[in-house]
Engineer: 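The structure's right below; bear with me while I get my questions together.
Counting starts at 1 for both ligands and their atoms, in listed order. Keep in mind it's a predicted model, so treat the numbers as computed, not measured. Side chains included, hydrogens not; waters and symmetry mates left out as well; all remaining heavy atoms used.
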Amino acid sequence: MSKTHLGHTARKRFGQNFLHDEYVIDKIVSAINPTNEQNLVEIGPGLGALTDPVCERIDKLTVIELDRDLAKRLRHHPFNAEKLTVIEQDALALDFSSLKEHLPHPQKPLRVFGNLPYNISTPLMFHLFTFSNLISDMHFMLQKEVVNRLAAVPGNKNFGRLSVMAQYYCSVIPVLSVPPDAFKPPPKVDSAVVRLVPHASPPVEVASAHTLERVCAMAFNQRRKTIRNSLKDCMTEAQISLLGLDPTARAETLSLADFASIANVVYEQEN
Ligand code: SAM
């Protein structure tokens, strides 16, 4: 299939797979259901597959696009230019709290959406989680495998660091599966849309989200090892047992609450 779509040659390094399936686009825009009372922010608008139908419903949309040519195209958009605030920047490096000055309702939270570049989707999720107190919801197209990991429960083979951290910050609701032929050029993998709704208050008490993330990284980096082994640099077997956990268990069988109690012990002894 041609890599050129609407006069633009897709750039692999920017993860450019442009949506063209009207049914899928309709489903996503209906799931987002944007209105003028909200602050909508799109990551990676590209050639406007989601931008244009969203702009049919609202008067102001902030978009973050790294590709200079696409950002320029959006600034000169034939009928939506006036509605768009184009931020030509790397979403991974963007301080989302700095968007306030561009928003139609600076006191209200952000609603973030996008068909994300798959090559940076996991670090981007982690980056966005740190702004979850500013965000009311997110709708993202991701690799299906990443959506499976976001939504996985303990005991599932997909359960890992991303599942624990996503579920610490958000409710995770898979919305729609999307086949490769919905995109130009088609990606090599299946895709899916997910809705993430940051919790009003966290489901478990954690002294430091950073420590939680560090503990998860340690435990899942060696996921076939027992937690006695994978956590040995930060916890003794006796400490694990004291939490009511089996030191010979594997990370993928632990719950978010288990990881929270491990992280709190580690935090306490380090501080
Ligand atoms: N939204 C369009 C669509 O659905 O057809 C394009 C989606 S394409 C998968 C990803 C988009 O994200 C591209 O426009 C790409 O240039 C942009 N992009 C890639 N890396 C980015 C980054 N770090 N920050 C912001 N945008 C990025």
Engineer: Can you find an N/O atom of L19 closer than 3.5 Å to an N/O atom of ligand 1?
Structural biologist: yes
Engineer: Does G44 reach ligand 1 with a nitrogen or oxygen that is under 3.5 Å from one of the ligand's nitrogen or oxygen atoms?
Structural biologist: yes
Engineer: In ligand 1, which numbered atoms sit nearer than 4.0 Å to a non-hydrogen atom of I64?
Structural biologist: 25 (C), 26 (N)
Engineer: Can you tell me the protein heavy atom closest to atom 23 (N) of ligand 1 and the distance?
Structural biologist: D90 OD1, 2.8 Å
Engineer: Take R195 and H139 through the test side-chain contact (heavy atoms from CB on, under 4.5 Å) and record every step on the way to the result.
Structural biologist: CA-CA 5 Å; R195 176 172 151 85; H139 289 83; 3.3 Å; yes
Engineer: Which residue owns the protein heavy atom closest to atom 3 (C) of ligand 1, what's the atom, and how far is it?
Structural biologist: N115 ND2, 3.4 Å
Engineer: May I ask you to decide whether E270 forms a salt bridge with R214, counting only side-chain N to carboxylate O separations under 4.0 Å?
Structural biologist: yes
Engineer: Give yes or no for whether the N/O distance cutoff of 3.5 Å, strictly under, is met between P45 and ligand 1.
Structural biologist: yes
Engineer: Do side-chain atoms of N36 reach the backbone of D59 as a donor and acceptor pair under 3.5 angstrom?
Structural biologist: yes
Engineer: Record the part of T51 in heavy-atom contact with ligand 1 below 4.0 Å; permitted values are side chain, backbone, both and neither.
Structural biologist: neither
Engineer: Which bit of L116 gets closer than 4.0 Å to ligand 1, counting heavy atoms only: side chain, backbone, both or neither?
Structural biologist: backbone
Engineer: Out of T51, D137, L61, which residue meets the side chain to side chain contact (heavy atoms under 4.5 Å, CB included) rule with F113?
Structural biologist: L61
Engineer: What protein heavy atom is closest to atom 20 (N) of ligand 1, reported as residue, atom name and distance in Å?
Structural biologist: P117 CG, 3.4 Å
Engineer: List the closest protein heavy-atom neighbour of atom 26 (N) of ligand 1: residue, atom name, distance to the nearest 0.1 Å.
Structural biologist: L66 N, 3.4 Å
Engineer: Assess the side chains of D67 and Q16: does a donor N or O sit below 3.5 Å from an acceptor N or O?
Structural biologist: yes
Engineer: What do you reckon, does A91 have a nitrogen or oxygen under 3.5 Å from a nitrogen or oxygen of ligand 1?
Structural biologist: yes
Engineer: Fit a plane to each ring of F183 and Y118, take the angle between them on a 0 to 90° scale, and name the class: parallel (under 30°), tilted (30 to 60°) or perpendicular (over 60°).
Structural biologist: perpendicular
Engineer: Would you say the side-chain atoms of E65 pair up with the backbone N or O of G46, donor to acceptor, closer than 3.5 Å?
Structural biologist: yes
Engineer: Compare E88, E65, H8 and give the one whose heavy atom is closest to atom 16 (O) of ligand 1.
Structural biologist: E65
